[in-house]
Amino acid sequence: AKWPGTLVELRDEFRSKVLACLVTLLRAYSRAELLPTRQDVLMAEGLAQEGVEMDKAVKEAQTASKQVQDDTETQCLELMNVAADDGGWGIQVVKVNIDSLELADKQIIADMQAIAQTQLTTKRKQMEGQAALVSANLEREAAMHRARAKADYEQAAAESEAKVKIAEARAASEISLMEATNSAKAQAE
C-alpha cells in the first residue's frame, strides 16, 4: 500500500506523528531527568556538595539524560515504523534523532535562571566573606608584627639606655673614687 496523498501531505503527517510520538514518550520523564541542572543534582543528592564530587554528579546526571534521549529515539523509531506500516505510507523510518530539547514553559526557564542567579550571588557573597576574613586576618597579623617590632625596638632602646646609664654611673663612680683617692692622698701628704 502506498500513501494516497502528495509528498507534502505525507511529510506533514509524518512530522505530526513524530512530534506526537516524542511528546508521548518524553512525558514519562521529568524536566530534571531530561535537562538536569546543578540544582536538580543538589536536590536529588539531598546535600550541598562542593567541587569535584558535585561536578561528577552533574556529569552522571547528564549521561543519564543522554541515555534517556537515546532510548526515546529508539522507541520512537520503532513506533514510527509501526505507524508507517499501519498507515500504509509505504516508507520505512531508518533513524530518529533528537537534536535538542527545549522547555516550552517560559516560567520554568525564568525560575531556573532566578535560582541560578541566586546561587551565584550566594557563592559570590561567600567568596567575598572569605576574602574579607582572610584580609582581616592578614591585617591583624600585620598589626601584631608591627606591635611586636615596636615592642622589641622599645625594649632594645630601653636596654641600650640602661647600659649607657650603668656605664655613666660606673664612670661617675670611678671618677668619684679617683677624686676621693686623690683627695685622701693629698690630705695625707
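It should be emphasised that the depicted structure is a prediction, and the values quoted were computed from it without experimental measurement.
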*Please answer: with hydrophobic residues joined when any side-chain heavy atoms are less than 4.5 Å apart, are Leu7 and Phe14 in the same cluster?*
yes
*How long is the span from the CD atom in Gln155 to the OG atom in Ser160, to the nearest 0.5 Å?*
10.5 Å
*What's the verdict on salt bridge (Lys or Arg N to Asp or Glu O under 4.0 Å) for Lys17 and Glu13, showing C-alpha distance, side-chain angles and the deciding distance?*
CA-CA 6 Å; Lys17 192 72 168 174; Glu13 178 68 19; 5.9 Å; no
*Between Leu101 and Leu26, is any pair of side-chain heavy atoms under 4.5 Å apart?*
yes
*asked:* Whether Glu139 and Arg146 form a salt bridge (side-chain N of Lys/Arg under 4.0 Å from carboxylate O of Asp/Glu) is what I want to check.
replied: yes
*How about Val82 and Glu78: do any of their side-chain heavy atoms sit closer than 4.5 Å?*
no
*Give the minimum heavy-atom separation between Glu33 and Ala28, together with the two atoms involved.*
OE1-O, 4.4 Å
*Hphob cluster co-occupancy, Val93 + Val18, side-chain heavy atoms under 4.5 angstrom*: yes
_Interatomic spacing from CG in Leu138 to NE2 in His145 - rounded to 0.5 Å_ = 9.5 Å
*Dump the intermediate steps for side chain to side chain donor-acceptor pair (under 3.5 Å) on Asn137 and Glu141, then the final yes or no.*
CA-CA 6 Å; Asn137 283 340; Glu141 286 190 26; over 6 Å; no
_Carboxylate-amine/guanidinium proximity below 4.0 Å for Glu161 and Lys165_ = yes
*asked:* To the nearest 0.5 Å, what is the distance between CE on Met80 and CG on Leu22?
replied: 8.5 Å
*Is a side-chain donor or acceptor of Glu9 paired with a backbone partner of Thr6 at a separation under 3.5 angstrom?*
yes
*Could you please spell out the steps behind the side chain to side chain donor-acceptor pair (under 3.5 Å) verdict for Gln67 and Asp71?*
CA-CA 6 Å; Gln67 185 60 46; Asp71 293 346; 2.8 Å; yes
*Linking I/L/V/M/F/W/Y whenever any side-chain heavy atoms sit under 4.5 Å apart, do Val68 and Leu35 land together?*
yes
*Can you tell me if Ser65 uses its side chain to pair, donor with acceptor, with the backbone of Ala61 under 3.5 Å?*
no
*For atom CZ of Arg15, decide whether the heavy atoms of other residues, nucleotides or ligands shown that lie under 6.0 angstrom number more than 12.*
no
*salt bridge (Lys or Arg N to Asp or Glu O under 4.0 Å) with Glu179: which residues, sequence neighbours excluded?*
none
*Straight-line distance of Leu177 CG to Arg170 CZ, nearest 0.5 Å*: 14.0 Å
*In terms of hydrophobic clusters joined by side-chain contacts under 4.5 Å, are Val96 and Leu25 together?*
no
*asked:* How long is the straight-line distance from OG1 of Thr72 back to CG of Leu34, given to the nearest 0.5 Å?
replied: 7.0 Å
*Can you list every salt bridge (Lys or Arg N to Asp or Glu O under 4.0 Å) pair that touches residues 83-103, not counting sequence neighbours?*
none
*asked:* Do the side chains of Lys66 and Asp70 get close enough for a salt bridge, i.e. N-O under 4.0 angstrom?
replied: yes
*Measure the spacing between CD1 of Ile98 and CD of Glu73 and express it to the nearest 0.5 Å.*
4.5 Å
*Please lay out, stage by stage, how Gln126 and Gln130 fare under the test side chain to side chain donor-acceptor pair (under 3.5 Å).*
CA-CA 6 Å; Gln126 285 176 344; Gln130 289 174 353; 5.9 Å; no
*asked:* Strictly distance-based, threshold 3.5 Å: is any side-chain N or O of Arg140 a donor or acceptor partner for the main-chain N or O of Met144?
replied: no
*Are the side chain of Thr122 and the backbone N or O of Thr118 linked by a donor-acceptor pair below 3.5 Å?*
yes
*asked:* Check whether Ser173 reaches the backbone of Ala169 with its side chain - one donor and one acceptor, N or O, closer than 3.5 Å.
replied: no
*asked:* Please determine whether residues Leu10 and Leu77 belong to a single hydrophobic cluster, defined as Ile, Leu, Val, Met, Phe, Trp and Tyr linked transitively by side-chain heavy-atom distances below 4.5 Å.
replied: yes
